[in-house]
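Below is one structure, written out as structure tokens, with a few remarks after it.
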Amino acid sequence: MTNCTDELSTTYNAREIEKETYKFWEENNLFKANAKSNKEAYSIVIPPPNVTGVLHMGHALDGTLQDILIRYNRMLQKEVLWMPGCDHAGIATQNVIEKNLAKEGLSRHDIGREKFLARTWQWADEHKNKILEQFKLLGASFDLSRKRFTLDEGCSNAVKKVFVDLYNKGLIYKGSYIVNWCPRCQSAISDIETNYETEDGHLWEISYALKDEMGAIVIATTRPETMFGDVAVAVNPNDFKYKDLIGKTCVMPLTGRQIPIIADDYVDKSFGTGALKITPAHDPNDFEVGLRHNLPQIKVIDEKGLMMRNEFVPPQIQGLTREKAREKTVKMLEENQVLVRVTKHVHNVGKCQRCNTTIEPLLSKQWFVKMEPLAKPAIEAVKTGAIKFIPERWEKNYLMWMENIRDWCISRQLWWGHQIPAYYHNKTGEMVVALENPDPNNYTQDTDVLDTWFSSGLWPFETMGWPDINSDDYKKFYPTSTLVTGFDIIFFWVARMITMGLEFTKKPPFSTVYIHGLIRDEHGQKMSKSKGNTIDPVDLIEKYGCDALRFTLTSLCTYGGQDIKISDEKFEFGRNFANKIWNASRFTLMNITKSKEELKLDLNNLSLADKWILNELNKVTKEINENIKNYRIGEIASILYEFFWSKYCDWYVELSKIEKNEAVLVYVLENFLKLLHPIMPHITEAIWQKMPIIKETKGILNASYPQFEEKLVFEADSKKMETVFETIKALRNIRAEFNIPLSSKIDIIIDNNEQLYSQIIPYLKRLAKVNSTKFEKNATHSKSAYCVVNDTKITIPLKDLIDINQEITRQKKKIDKLESELKSVLARLNNQKFISSAPNDVVEKTKGRKKELEDEIKIIQETIKRLN
RNA sequence: GGGCGUUUAGCUCAGUUGGUAGAGCGCUUCCCUUACAAGGAAGAUGUCGGGAGUUCGAGCCUCUCAACGCCCACCA
């Protein structure tokens, strides 16, 4: 890497270069953040990938975007820290270990908590380096010396402190509530971990006989098996159909248990029969009704999803699965002739996000965080702009959720995670919530662990040394600057970080939340292993190169954060660009004969072409800086692509083959590489290292990011150069239309602008294969083709090569086009309202366009006459 | 039920204060012109989902309809 004298290899081998370049950065510790620096700080914490995970396209996008921001800010000469780490991913990881155990015919209970955890730790330790190693393949410039894990000691301490503090403030409580229970995970899960799926079901109408009198009340239910836990039948108080029944008692079929008929507004008169059975232990709404009416809670389904063996459940039903119990119950109801009607009914069923098992709403004792008081400042922070979402529309989404926040169930009946710091006296059962066990001989710790998101919610400050607020990292790098993530975890993660950050550090944990879209397959489907439509970023890197992957992904990012559809071939876009950069750079460097010192840019010695490319570079530099600052990252990819390919390569490098200014060639290339470096770090570093220039920094990654410079503005000369390009294109067009082979040169006669054209004769000779150039006012030549560029007519005598009719047709087509535009321009100018209400500059511009069009049409018309 | 997003060239998508549409891929013709065939030159292609409105002027603003997608809520 340090050898700057040898040339670039003739073929671009992405992987070879990328490996070498990354090694160079790593070995020189160039990603290491210095907390003691007095430079302005810029920091990002990585959304910690699951410890057991492997790199997927989502990481590739998320990681690329973070790295772009980090590298850009590093080049702005800030002290940057990109904090890496992994999440212990409670349920996900535990599931993996349990699956492995199952292969040995064991369950976690067979080996016990201690051995299970030892095994899980071993697994986690083996895997936690893997995913971050894969991030390196992305070119991630994070500071691995600071790598963290949500279950490491520092995070553990932070979690304990937060839990104890929230408990002492009354913001954490334990209680019996109905929760979403996953019978497979054997744990409670939170509301947002529950997804709803539409399922075809039935609505069973069951007759409950009235006690001591004739008649019955017919209830409707989608879950007849829960009827054994019924404690009431509810009707709407305004439902005259049932008015007389309120307060009476009915007798349940199958068990004969007696329950009251109550009135509650919650019941919808028009749904089903208008009468609803109340099962507080197995339905969240019934639970609420139960509380309002002081009803008992009868549990009939256990934690495994099996019907309980108790006095309430008939013996034939006991021990059955929910599904079997439903079948059997219906059959029994039928036999007892109390099943009035069955109708098909589509309804939503809760599913566990992790394993897709149907959720059982279950009454159980769990820990909760009281969210409303915590949400208030978190709402304010976004409303006042202390935290900004990009794109803005996600703010609404966030606020809506926060304003309707519900308490957060944080306890999980798992083993892998932060064990809840609550201790119970072995004899009295007295509970102590504390950082440490008050007396290990007499107190036993709560067996539950915390929701994974509890610890990731502290991520921005627990990784910076908190609760030690005097630690260097915390002082320097907290609050962090930008958070980059997908919209799918705004509620899970972003919202929790904001609430926790504000509560415990009194500061928003970041000032900007940059939300990007999700990666999807070419049909817009979510990528998943089960669908078999995943694309492995590691494969793409091997095939196309990391820089190609990064560039392609970046170019697909829109400001609105639309989802990104990808397919393997799309990455050819980035690969081709990288290849172009390599070859153009190789050509440029091959042509440098001067020494480093001689390559200094001399603004007094610039050709028209030099001024043009410098002007273009300067414009692009300005746009790039503005666009990154506004998170229009996709835009910078296309600006750089267009500049390099269509301006530098297609024109400037071609022109340099005729007449070259080495200093400008090198200056533009170097600045382009710097501008591009955040997106394509490896290729830019590799080429920069080989450039024969004076380097102020060890790598391009630390070089200063180019900025707009007033002295490089050459608008007027640039315009002239554009005219030159238009002329060349027009001549080439004629050559193509008349099938003039490259081997036959053309003569041209120019009727205007002699000063400009005489300067660029060598360009015309080489790029349009022009033989001779003549200046002549009002030239008339038969058997000629011609073109008009602005105010200049160029005649190309073609003798027998030309079919005059073809040329006339060609020119008439042009006139048609010009005239249709002129028509609309005239319509506008003849409209008094347009003249009076349109802004002056627009009117002037339109007038100018009118003149241009008229002139051009006139020239063409006159010429056609002469051709005849 | 509430909210959000999308609809532009054959395909994938840009289009930042409203001034008659762009890219990549694909397609047509020509070219191995010693940086690059992963390339070069020239070219074709769109009543910007439908309708209405505001405006001198609408892909862009307002309303409405339609299709597709997502999120939240979870009436048994």
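Chain identifiers are assigned alphabetically (A, B, ...) following the order of the sequence lines, protein sequences preceding nucleic acid strands; residue numbering begins at 1 within each chain. Just so we're clear, the structure is a prediction, and the values are computed from it rather than from any experiment.
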Distance-only donor-acceptor test (3.5 Å): side chain E654(A), base A35(B)
yes

d(NE2, H523(A); C1', C68(B)) in whole Å:
16 Å

The nucleotide from A14(B), A35(B), A76(B) with an atom nearest the side chain of H347(A) is A76(B)

Under the side-chain hydrogen bond (donor to acceptor under 3.5 Å, both in side chains) test against Y544(A), which residue among T552(A), D568(A), N576(A) passes?
D568(A)

List the steps and the verdict of ring pair (Phe, Tyr, Trp, His ring centres under 6.0 Å) for W394(A) and F389(A).
CA-CA 6 Å; W394(A) 293 109; F389(A) 278 77; 8.4 Å; no

Looking across every strand, which nucleic acid part, if any, lies under 4.0 Å from P839(A) by heavy atom: base, sugar-phosphate, or nothing?
base

Distance between C1' atoms of C13(B) and G39(B) (Å, rounded):
25 Å

What's the gap between U7(B) and G15(B) when it is taken at their P atoms, as a whole Å value?
9 Å

Euclidean distance for P, U55(B) against G18(B) (whole angstrom)
16 Å

From the list A35(B), A38(B), A14(B), which nucleotide is the closest neighbour of the side chain of E635(A)?
A14(B)

Considering just the side-chain nitrogens and oxygens of N831(A), establish if one lies under 4.0 Å of OP1 or OP2 belonging to G57(B).
no

Heavy atoms under 4.0 Å, any strand shown: does K277(A) hit a base, just sugar-phosphate, or nothing?
nothing

Across all strands, who's sitting opposite G69(B) as a Watson-Crick or G-U wobble pair, both distances under 3.5 Å?
C4(B)

What's the gap between U16(B) and A21(B) when it is taken at their C1' atoms, as a whole Å value?
16 Å

What's W204(A) touching, base or sugar-phosphate or nothing? Going by heavy atoms closer than 4.0 Å.
nothing

State the pairing partner of C25(B); accept Watson-Crick or G-U wobble contacts with both distances under 3.5 Å, and report none otherwise.
G10(B)

Between atom CG in D283(A) and atom C1' in A76(B), what is the gap in whole Å?
7 Å

Compare the minimum distances between each of A35(B), G19(B), G3(B) and the side chain of M400(A), then state the nucleotide with the smallest one.
G3(B)

If we call it a pair only when both distances are under 3.5 Å in a Watson-Crick or G-U wobble match, what pairs with G18(B)?
none

N579(A) side chain: which of A41(B), A38(B), A73(B) is closest?
A38(B)

Of the candidates G39(B), C13(B), C36(B), the side chain of R586(A) sits closest to C36(B)

Where the side chain of V267(A) is defined as all heavy atoms beyond and including C-beta, which of A76(B), C71(B), A42(B) is the nearest nucleotide?
A76(B)

Using heavy atoms to find the nearest nucleotide of RNA chain B for L556(A) and S837(A) separately, return the residue whose nucleotide is more 5′.
L556(A)

Just name whichever nucleotide pairs with G39(B), Watson-Crick or G-U, keeping both distances under 3.5 Å, else none.
C31(B)

Contact class for F491(A) vs. all strands (heavy atom < 4.0 Å): base, sugar-phosphate, or nothing?
sugar-phosphate

Using atom CG of N830(A) as one end and atom P of C56(B) as the other, report the distance to the nearest whole Å.
17 Å

Taking the same atom, C1', in U47(B) and in U12(B), what whole-Å distance lies between them?
23 Å

Is K396(A) touching bases, backbone alone, or none of the nucleic acid, heavy atoms closer than 4.0 Å?
sugar-phosphate

